[in-house]
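For reference, positions follow the sequence shown, starting with 1. Counting starts at 1 for both ligands and their atoms, in listed order.
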Amino acid sequence: MEAKLKVDKNFSISKVDPRLYGSFIEHMGRAVYEGIYQPDHPSADEEGFRTDVLELVKELNIPLVRYPGGNFLSGYNWEDGIGPVEKRPKRLDLAWRTVETNEIGLHEFFKWSEKANTEINMAVNLGTRGIDAARNLVEYCNFNGDSYWSNLRKSNGLDEPLNIKTWCLGNEMDGPWQIGHKTAEEYGRLAAETAKAMKLVDNSIELVVCGSSHSHMPTFGDWELTVLEHTYEYVDFLSLHQYYGNQEDDLENYLARSLDMDEFISGVIAICDAVKAKKHSKKTINLSFDEWNIWYHSNEHDEKVKPWQIAPPLLEDHYNFEDTLLLGCLLITLLKHSDRVKIACLAQLVNVIAPIMTNPNGEAWRQTIFYPFMQVSNYGRGTVLHPVVESEFYATNDFDKVPYLETIAVINEEKNELVIFAVNRAQETMDFRIELGELVLENVIEFSQISGSEIKKVNTEKEESIKPTTCKDYTLKEGINCQLQPLSWNMIRCSLGNKTQGGNSNEME
Ligand code: AHR
């Protein structure tokens with residue numbers, strides 16, 4: 001099978017906002033306790049944070065972490081997580097039917113975020129709380145003057161404001177499962193008034209208003225239209241959430257699920273722009289895909305979990321190789337929409353549907369989905385080029401026209417590098433040709449692949465079976481010619497020459 005990618009440096013989609021490589025930590029399962037924080041673990045630092053986890057988080061190079069939820073958020077009192085730890089209340093978390101000790105709260109998580117070289121994307125509770133709690137939290141975090149909440153922050157040990165820039169107005173408020181679930185009218189009004197008050201405290205913050213919890217919500221479309229009608233002038237982003245699974249065990253259909261993400265994003269952009277036109281607004285609302293991932297392996301286990309435990313294992317999906325491939329396709333899809341999707345959060349980061357797992361009595365380890373995310377987050381920085389793709393197609397139960405090749409190229413102007421990410425969805429080898437227009441290729445720095453026929457293979461703490469291997473099998477002649485293994489994730493990183501010439505002038509063998 002043959003396939004081709006053509007790029008031209010003059011035809012770009014957008015600069016990538018680094019926040020596209022965000023992630024998410026919710027107070028649930030073993031994400032916080034036994035995840036990022038475990039004071040009795042041999043790797044714990046003086047504040048109880050697992051340094052083995054921190055190392056892996058740094059490998060992922062994550063600029064933003066959404067916190068503290070998730071469904072947990074909609075019953076959370078942020079004030080429970082400040083002040084002396086021994087005085088903090090134990091609370092029932094009704095979302096996951098567990099007990100929250102509040103040992104970790106705002107200050108501790110802020111310290112962790114500094115150690116992890118990341119920023120917090122803070123979410124405010126619009127389920128059981130509202131305007132007052134939200135504006136107080138902004139004052140507590142970001143106000144630099146002499147006021148009740150900022151003085152309380154100082155007395156709790158943080159003199160300088162946290163300067164949190166990105167904020168979420170609640171979580172999945174369209175979902176009947178949400179504590180304090182609202183109609184679009186109810187939520188739209190509350191979100192607008194909360195946004196106004198938050199921005200009155202700190203006008204420099206950016207706000208994300210809740211869109212749909214997934215693309216097949218019965219209220220999808222109407223929800224976005226109504227919520228934006230109320231909030232358009234006060235918010236900056238509209239959120240999308242989506243998880244995929246291979247419940248039917250149909251590989252071809254599963255690997256095509258990124259087409260659903262693509263359609264979902266295009267639909268939400270159209271809705272944002274329809275409201276913009278209707279309002280004659282000059283402002284454009286961008287998208288925050290602030291929960292996305294694969295989630296289904298743990299569903300059966302989680303139905304049997306006993307309620308009211310502290311940090312029980314929940315949503316601990318063990319990802320396999322086919323999940324790596326879909327995750328790669330989803331990442332490429334996000335990049336294709338980088339002109340409008342400015343924030344995205346891989347949900348989640350540690351133990352809960354996560355690239356990083358921990359053994360409380362052992363080590364932290366990388367799941368199969370760790371590597372494509374790590375490679376795209378580290379090397380997919382710069383400007384995304386418009387991909388012109390030639391590929392054969394296939395059809396599945398849910399999708400009529402699925403290209404065997406999923407690919408994108410990103411040019412990193414600072415490093416003078418071009419990086420190509422590609423998934424071969426076919427079960428046969430693909431002769432892949434990349435044409436680079438006026439770009440002058442110097443050499444291939446790295447060609448790495450994840451491939452293999454054992455599609456259900458997983459990683460474990462002891463054995464990392466699914467990880468990139470180096471491939472030397474390419475030639476450079478008027479572009480790049482290489483082979484993509486059947487069912488493979490690929491990254492080709494090239495250095496570019498300084499001068500550009502007309503036509504396809506990369507003659508190097
Ligand atoms: O990430 C797990 C859960 O998925 C989150 O709590 C919720 O927002 C979504 O439904």
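The six-membered or imidazole ring of Trp78 lies near that of Tyr140, with a centre-to-centre distance under 6.0 Å. You'll find the ring centres of His181 and Tyr187 outside the 6.0 Å limit. Taking the six-membered ring wherever Trp is involved, the centroid distance between the rings of Phe421 and Tyr379 does not fall below 6.0 Å.
No heavy atom of Leu73 sits closer than 4.0 Å to any atom of ligand 1. Residue Asn293 places every heavy atom at 4.0 Å or more from ligand 1.
Residues Asp45 and Lys111 are not paired through a salt bridge, judged by the lack of any N-O separation under 4.0 Å between the basic side chain and the carboxylate. Electrostatic pairing of Lys278 and Glu229 counts as a salt bridge here, judged by a charged N lying under 4.0 Å from a carboxylate O. Between Asp202 and Lys199 there is no salt bridge, since no side-chain N of the basic residue sits under 4.0 Å from a carboxylate O of the acidic one.
Annotation: atom 2 (C) of ligand 1 to nearest protein heavy atom, Gln348 NE2, 3.6 Å. Ranking the protein heavy atoms by distance from atom 6 (O) of ligand 1 puts Glu26 OE1, 2.6 Å first. When only non-hydrogen protein atoms are considered, atom 7 (C) of ligand 1 lies nearest to Asn71 OD1, 3.3 Å.
Glu454 CD: 12 or fewer foreign heavy atoms inside a 6.0 Å radius.
The minimum heavy-atom distance linking Thr407 with Ala422 is given by the pair OG1-CB, 3.7 Å.
Only the side chain of Asn171 comes within 4.0 Å of ligand 1, counting heavy atoms alone; its backbone N, CA, C and O stay farther away. By the criterion of a heavy-atom distance under 4.0 Å, neither the backbone nor the side chain of Phe72 is placed next to ligand 1.
Checking Asn351 against Glu34 by side-chain atom types alone, no donor-acceptor pair falls below 3.5 Å. For the residue pair Glu172/His241, the side-chain donor-acceptor check at 3.5 Å is satisfied.
Counting the atoms of ligand 1 from 1 in the order shown, those under 4.0 Å from a heavy atom of Phe24 are 1 (O). Each of the following atoms of ligand 1 lies closer than 4.0 Å to a heavy atom of Tyr243: 1 (O), 2 (C), 4 (O). Near Ile353, meaning under 4.0 Å from any of its heavy atoms, are these atoms of ligand 1: 1 (O). For ligand 1 and Leu315, the ligand atoms under 4.0 Å from any heavy atom of the residue are 2 (C). Atoms of ligand 1 lying under 4.0 Å from any heavy atom of Trp295, numbered from 1 in the order shown and given with element: 2 (C), 3 (C), 4 (O).
Annotation: Trp96 places no N or O atom under 3.5 Å from an N or O atom of ligand 1; distance criterion only. Checked by distance only, ligand 1 and Glu291 come closer than 3.5 Å through their nitrogen or oxygen atoms. Residue His241 places no N or O, backbone or side chain, under 3.5 Å from any N or O of ligand 1.
Nearest-heavy-atom check against atom 10 (O) of ligand 1 across Arg66, Glu172, Gln178 picks out Glu172.
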